[in-house]
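Note sheet for the following structure.
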Amino acid sequence: MAKNAPFSSVFSLFFLFFVLGKFSAMAENTTIPVNVGVVIDSDTWYGKMGLSCISMALSDFYASHSSYKTRLVLHKRNPTSDVVVTASAALDLIKNVEVQAIIGPETSMQANFVISLGNKAQVPIISYSATSPSLTSIRSSYFFRAAQNDSTQVKAMSAIIQAFGWREVVAIYVDNEFGEGVIPSLSDALQEVDARIAYRSVISPKATDDQIVAELYKLKEMETQVFIVHMFADLGSRLFDKAKQIGMMDEGYAWIMTDGITNSFSHINSSDIENMEGVLGIKTFVPNTKALESFGVRWKSKFQQDNPTVHDVKLDVFGYWAYDAAWALAMAVEKVGAKNFNFQKMNSTSGNSSTDLERFGVSQNGPQLVQALSGTIFKGLSGDFSLFNGQLQSSTFQIVNVIGSGEKLVGYWTPEKGLERKLNLTNTSTYSTSNVSLGSIVWPGDTTSAPKGWQIPTSGKRLKILVPLKKGFSEFVKVTHNLKTNTTIIDGYCISVFEAVIKSLPYDVPYDLYPYVKPNGEIAGSYNDLVNEVFLGNYDAAVGDITIRANRSLYVDFTLPYTESGVSMIVPIKDNKSKNAWVFLKPLTWDLWVTSGCFFIFIGFVVWVLEHRINEDFRGPPHHQIGTSFWFSFSTMVFAHRERVVSNLARFVVIIWCFVVLILTQSYTASLTSLLTVQQLQPTVTDVNLLLKYKDNVAYQPDSFVYGILKELGFQDENLKPFNTPEELNQLFQNGSRKYGISAAFDETPYMKLFLATYCSKYTMVDPTFKADGFAFVFPKGSPLARDVSQGILNVNEGNQMKVIEDRWFKKKNCVDPNSLVSSNSLSLESFWGLFLIAGVASTLALLIFAAMFLYEHKEIFKQLDPEASLWKRFLIMLRIYDNKDLKSFTFKKRELEVNTNFHPSPSVYSDHTEARNVFGEQMRSPSSADFEHAGFSPGASTSRSEMELAIEITERPRTHDIDPGSN
């Protein structure tokens with residue numbers, strides 16, 4: 001026994017390990033089943049596709065996550081499309097099966113009540129096909145939409161509307177929660193791009209073909225030809241089939257489908273797709289990946305095995321969403337953990353309740369499962385999967401064009417970049433709303449020209465447009481009745497502008513013009529009466545010289561003005577030519593005259609300073625030197641100066657000054673010529689207050705709002721004279737300003753400019769100009785044409801077309817604008833101060849340079865002067881030195897050389913006994929030491945004798961000495 005003990009112990013140990021391993025393996029293979037309901041109609045194509053994708057999703061998920069503890073157990077219910085049956089199936093799953101979540105239902109109508117049940121039982125409802133935005137308004141945290149909200153595509157549709165310049169659309173949608181849910185978002189998106197829904201066409205999901213045709217005929221009679229269709233594929237196919245039969249798929253129409261149809265293209269018959277040729281569609285974008293391709297192959301094989309009677313199957317985006325929804329739910333359940341997924345039974349508030357709605361329990365793990373679903377993020381078949389605020393986040397759409405029995409990709413739309421031809425996620429370009437960003441599009445009617453989008457139906461009425469009848473100024477509106485043919489021809493500037501604007505619109509507008517006259521041909525009423533006809537609905541619009549007024553805009557809509565605005569005053573002009581003897585002084589202002597005179601004197605002084613020591617022409621007696629300086633300076637006006645200028649500094653000053661004088665004389669001559677020869681036309685009246693003060697007569701057009709303005713200014717009726725034609729207005733001016741004449745005329749600027757074009761030499765337009773808004777076209781309140789015509793006016797104004805029209809009707813005569821004949825102001829100092837500044841700086845600089853050179857040349861004299869001598873005495877010494885000739889100058893050296901050459905000096909010239917005489921011809925004595933001290937030199941100074949003698953001469957020179965003209 002002792003020998004077998006070790007063996008028995010080892011055997012027991014191995015047996016223990018074996019038993020523990022078995023229990024461990026059994027524990028690892030134990031999973032927790034989690035009941036999940038699936039509410040899908042498996043009898044439909046969508047139901048079959050959804051069920052197969054959900055089943056494959058769970059198989060793929062647990063195959064790749066075999067270690068997970070939870071396993072979803074599907075409990076399928078097969079309701080019909082009936083909402084009540086669907087709600088009953090969901091209630092059964094919650095109450096009897098106690099499911100932790102429900103995948104489905106398929107439609108937005110079914111989901112509405114099921115969401116309420118899920119919210120009450122705290123059971124998450126996950127739908128991959130209920131896309132109506134109205135479901136969001138339920139505000140249930142237990143509803144998850146694993147699909148795109150229909151409202152995410154409205155921005156793409158509005159971008160297309162804006163790209164092609166359409167302003168109105170007709171929304172055609174199915175009459176249920178799916179169709180109605182997107183309309184508020186679509187309306188808001190269109191308003192942001194200045195467009196609107198002109199009409200809402202609601203089609204019942206059970207509508208017959210006759211009912212669809214009747215609705216389409218109603219739409220065909222409307223002006224708007226852009227349609228947005230939002231419904232399921234089966235109803236949409238019938239709609240387009242009938243639209244093609246009645247001619248609404250011809251050229252001129254534009255159709256846009258939402259993804260409710262385009263996402264289901266794979267299930268539509270090719271014949272039905274051919275009926276949609278030329279239609280644009282918004283389609284959910286799913287990035288193509290290898291995983292997606294692999295899944296498509298596997299799904300098709302499995303689907304054929306499960307449904308051998310169904311052929312030619314294709315997977316669409318709803319299948320991808322169903323796959324991702326099941327995958328997300330499996331991940332979320334695993335995150336919640338291996339817990340008991342039980343329901344807490346709720347006591348009924350009423351003991352005798354006869355319904356099941358108050359007796360089902362509440363899921364204990366519902367809140368944790370909701371939190372786990374909200375945080376689930378992964379790369380799914382449809383792209384990045386995340387349920388932000390309970391909705392799938394995806395916002396890129398494809399724009400497809402139906403051609404033949406297929407679809408052609410023409411571009412993409414993203415919220416960051418708008419429309420673009422190719423999807424480039426790295427591009428940082430700006431938001432685009434241009435149709436150039438899209439590829440070529442084939443529109444209904446097999447045309448590549450984009451539809452205009454708005455057109456008066458050929459079967460409908462033509463626009464009746466009212467035109468005023470005018471007695472004068474027929475250039476604006478001209479109505480001519482031909483008695484022989486009994487036809488009326490309406491023409492004029494306003495009519496030409498209107499025709500050009502209508503042609504610029506992106507659609508055709510047939511119309512007829514009617515003159516506003518009585519049966520006998522007389523004017524039917526005033527302009528206010530004409531506008532009232534449009535307000536009453538008797539006419540569709542009014543065209544002519546109709547001014548925008550605040551009181552009129554209360555009842556009708558005006559377009560933007562197409563003429564200048566304002567009320568102007570016209571007065572005669574008179575010749576104000578100056579005919580007095582002093583007109584020659586008018587070209588220059590007094591300050592320019594004074595400045596010019598001062599500079600003539602200053603320049604003469606500068607030249608004298610620079611030339612006095614070296615130029616004989618600027619020497620002599622004082623009066624001679626003063627006269628020479630003035631003569632030289634003023635003679636530069638006519639460039640008649642004969643004196644030589646030998647100093648370089650003086651030449652520099654004279655050159656600058658001659659340039660200034662040249663500019664002054666030329667400007668003076670031109671201004672004086674203008675004063676003496678050109679007419680000086682001036683208005684006779686420049687202030688309306690003078691007209692009121694002297695009670696002068698003024699003219700105005702009858703039946704015009706100008707009469708009210710004049711009355712507000714204070715004019716009396718006896719001073720107001722009406723006129724109808726430019727000829728009548730001219731005659732009123734010719735009658736003078738007395739009883740039968742006028743002093744001024746008031747009217748709108750376009751009329752006054754036309755009058756001036758005829759009588760430009762007699763009258764002129766002066767201030768004041770009263771505010772007015774110009775001529776515009778009239779439409780009824782809320783008319784869509786008013787906005788488009790305003791845009792057309794801008795287009796015509798920006799081009800050359802408006803100028804061509806104006807030249808045709810307002811071609812001016814070859815006459816001079818009287819405003820340009822008014823004399824200019826006299827020339828002032830402001831125009832020439834720069835020239836005087838240059839001349840002044842040049843002259844001052846020359847003086848400073850000369851002074852510096854002079855002082856430097858005589859610096860020795862400064863050194864020898866007595867330090868105790870006064871500053872004035874020193875100044876007099878230097879001034880006396882300056883007054884003498886500069887014998888070292890080349891001008892005097894040249895003369896001395898000439899004299900020595902022609903005359904031989906006598907021996908006495910070189911005699912030492914020659915009497916010394918000063919510069920004034922006086923006999924000089926020999927200076928004593930006292931004389932040196934008197935001259936300002938200190939005793940013992942080492943100054944040359946000639947300089948000291950010159951200084952003594954200067955100090956003793958009589959100030960009143962008469963200098964011989966022949967002396968130095």
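The figures here come from the full heavy-atom set of this structure, side chains too, leaving out hydrogens, waters and symmetry mates.
Look at Glu806 and Lys803 and you find no salt bridge, because none of the NZ, NE, NH1 or NH2 atoms lies under 4.0 Å from a carboxylate O. Taking a cutoff of 4.0 Å between a charged side-chain nitrogen and a carboxylate oxygen, Glu277 and Lys244 do not qualify as a salt bridge. Between Asp717 and Lys711, at least one side-chain N (NZ, or NE/NH1/NH2) sits under 4.0 Å from a carboxylate O, which counts as a salt bridge. A salt bridge links Arg787 with Asp194: at least one charged nitrogen is closer than 4.0 Å to a carboxylate oxygen. Salt-bridge annotation for Arg808 and Asp491: present, with a side-chain N of the basic residue lying under 4.0 Å from a carboxylate O of the acidic one.
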side-chain hydrogen bond (donor to acceptor under 3.5 Å, both in side chains), that's the test. Do Glu168 and Thr224 meet it? Break it down for me. CA-CA 6 Å; Glu168 289 187 346; Thr224 306; 3.0 Å; yes
When you look at Glu420 and Ser437, which way does the side-chain hydrogen bond (donor to acceptor under 3.5 Å, both in side chains) test go after all the steps? CA-CA 5 Å; Glu420 54 183 350; Ser437 303; over 6 Å; no
Take Tyr511 and Phe498 through the side-chain contact (heavy atoms from CB on, under 4.5 Å) test and state the conclusion after the steps. CA-CA 11 Å; Tyr511 61 89; Phe498 181 74; 3.9 Å; yes
Evaluate side-chain contact (heavy atoms from CB on, under 4.5 Å) for Phe715 paired with Leu720, printing each intermediate quantity in order. CA-CA 7 Å; Phe715 287 97; Leu720 299 178; 3.7 Å; yes
Run the side-chain hydrogen bond (donor to acceptor under 3.5 Å, both in side chains) check on Ser449 and Trp443 step by step: do they pass? CA-CA 7 Å; Ser449 299; Trp443 299 95; over 6 Å; no
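Between the side chain of Glu564 and the backbone N or O of Pro750, no donor-acceptor pair lies under 3.5 Å. Within the 3.5 Å criterion, the main-chain N or O of Val182 finds no donor-acceptor partner in the side chain of Asp150. Between the side chain of Glu728 and the backbone N or O of Asn724, at least one donor-acceptor pair lies under 3.5 Å. Proximity of a side-chain donor or acceptor of Ser565 to a complementary backbone N or O of Ala772 within less than 3.5 Å is detected. A distance-only check finds no donor-acceptor pair linking the side chain of Asp557 to the backbone of Ser553 [under 3.5 Å]. Formation of a donor-acceptor pair under 3.5 Å by the Lys220 side chain with backbone atoms of Gln225 is not found in this model. Side-chain N or O atoms of Arg552 include one that pairs as donor or acceptor with a backbone N or O of Thr547 at under 3.5 Å. Not a single donor-acceptor pair under 3.5 Å links the side chain of Thr559 to the backbone N or O of Ala776. In this structure a side-chain-to-backbone donor-acceptor pair under 3.5 Å is missing from Ser187 to Ile183. Under the 3.5 Å distance criterion, the side-chain polar atoms of Asp250 are left unmatched by any main-chain donor or acceptor of Gly445.
Considering only heavy atoms from C-beta on, Val400 stays 4.5 Å or farther from Val410 through its side chain. Within the 4.5 Å cutoff, the side chain of Met231 has heavy atoms near those of the Ile261 side chain. No side-chain heavy atom of Ile256 sits less than 4.5 Å from a side-chain heavy atom of Phe227. Contact check for Trp255 versus Pro444: side-chain heavy atoms found under the 4.5 Å cut-off. Residues Ile172 and Ile203 meet the side-chain proximity criterion, which asks for heavy atoms closer than 4.5 Å. Side chains of Leu463 and Asp512 form no contact here, defined as non-hydrogen atoms less than 4.5 Å apart. Side chains of Glu192 and Lys155 form a contact here, defined as non-hydrogen atoms less than 4.5 Å apart.
We find the CD-OG distance between Glu416 and Ser432 to be 13.5 Å, quoted to the nearest 0.5 Å. Separating the CD1 atom in Ile570 from the OG1 atom in Thr749 is a distance of 8.5 Å, to the nearest 0.5 Å. Note that the CG atom of Asn797 and the CG atom of Leu560 stand 9.0 Å from one another [nearest 0.5 Å]. The line from OG1 of Thr262 to CG of Leu280 is 11.0 Å long, rounded to the nearest 0.5 Å. Between Ile228 atom CD1 and Arg200 atom CZ the span is 11.5 Å, to the nearest 0.5 Å. Atoms CG and CE, from Asp807 and Met802 in turn, are 12.0 Å apart once rounded to the nearest 0.5 Å.
Sorted by first then second residue, the ring pair (Phe, Tyr, Trp, His ring centres under 6.0 Å) pairs that include residues 179-199, not counting sequence neighbours, number zero. Among residue pairs with one or both ends in residues 526-545, those qualifying as ring pair (Phe, Tyr, Trp, His ring centres under 6.0 Å) are Phe535-Tyr555; sequence neighbours excluded. Each salt bridge (charged side-chain N to carboxylate O under 4.0 Å, His left out) pair with one or both residues in residues 515-535, not counting sequence neighbours, would appear here, but there are none.
Glu215 and Ser201 share a donor-acceptor pair across their side chains, judged by distance under 3.5 Å alone.
Within the cation-pi definition used here (under 6.0 Å to the ring centroid, within 45° of the axis), Lys753 does not qualify as a partner of Phe810.
Using the six-membered ring where Trp is involved, Phe476 and Tyr751 have ring planes that are perpendicular, over 60° apart on the 30 and 60° scheme. Ring geometry for Tyr431 versus Trp413: interplanar angle over 60°, hence perpendicular rather than tilted (30 to 60°).
In this structure, the ring of Phe746 has its center no less than 6.0 angstrom from the ring center of Tyr700. For Phe733 and Tyr759, the ring centers sit 6.0 Å or farther from each other. When ring centroids are compared, Phe397 and Tyr412 stay outside the 6.0 Å threshold.
Few gaps surround NZ on Lys781; more than 12 heavy atoms of other groups in view lie less than 6.0 Å from it. More than 12 heavy atoms of other residues, nucleotides or ligands sit less than 6.0 Å from atom CD of Glu499. Counted within 6.0 Å of NZ on Lys464, heavy atoms from surrounding residues, nucleotides or ligands total more than 12; the atom is thus considered enclosed.
Contacts of Asp545 classified as salt bridge (charged side-chain N to carboxylate O under 4.0 Å, His left out), with partners at least two apart in sequence or in another chain: Lys470. For Ile246, the side-chain contact (heavy atoms from CB on, under 4.5 Å) test picks out Val213, Leu216, Tyr217, Met248, with sequence neighbours left out. With sequence neighbours left out, the side-chain contact (heavy atoms from CB on, under 4.5 Å) criterion links Leu536 to Asn532, Asn538.
The minimum heavy-atom distance between Val698 and Ile742, with the atom names listed, is C-CG2, 3.9 Å. Nearest heavy-atom pair across Asp540 and Phe779 is O-CD2, 3.9 Å. Smallest separation of non-hydrogen atoms from Tyr253 and Pro451: O-CG, 3.3 Å. Closest non-hydrogen pair, Pro133 versus Ser151, comes out as CG-N, 3.7 Å. Heavy-atom minimum distance, Ala156 versus Ile282: CB-CD1, 4.2 Å. The shortest heavy-atom contact between Ser568 and Met752 is O-CG, 4.3 Å.
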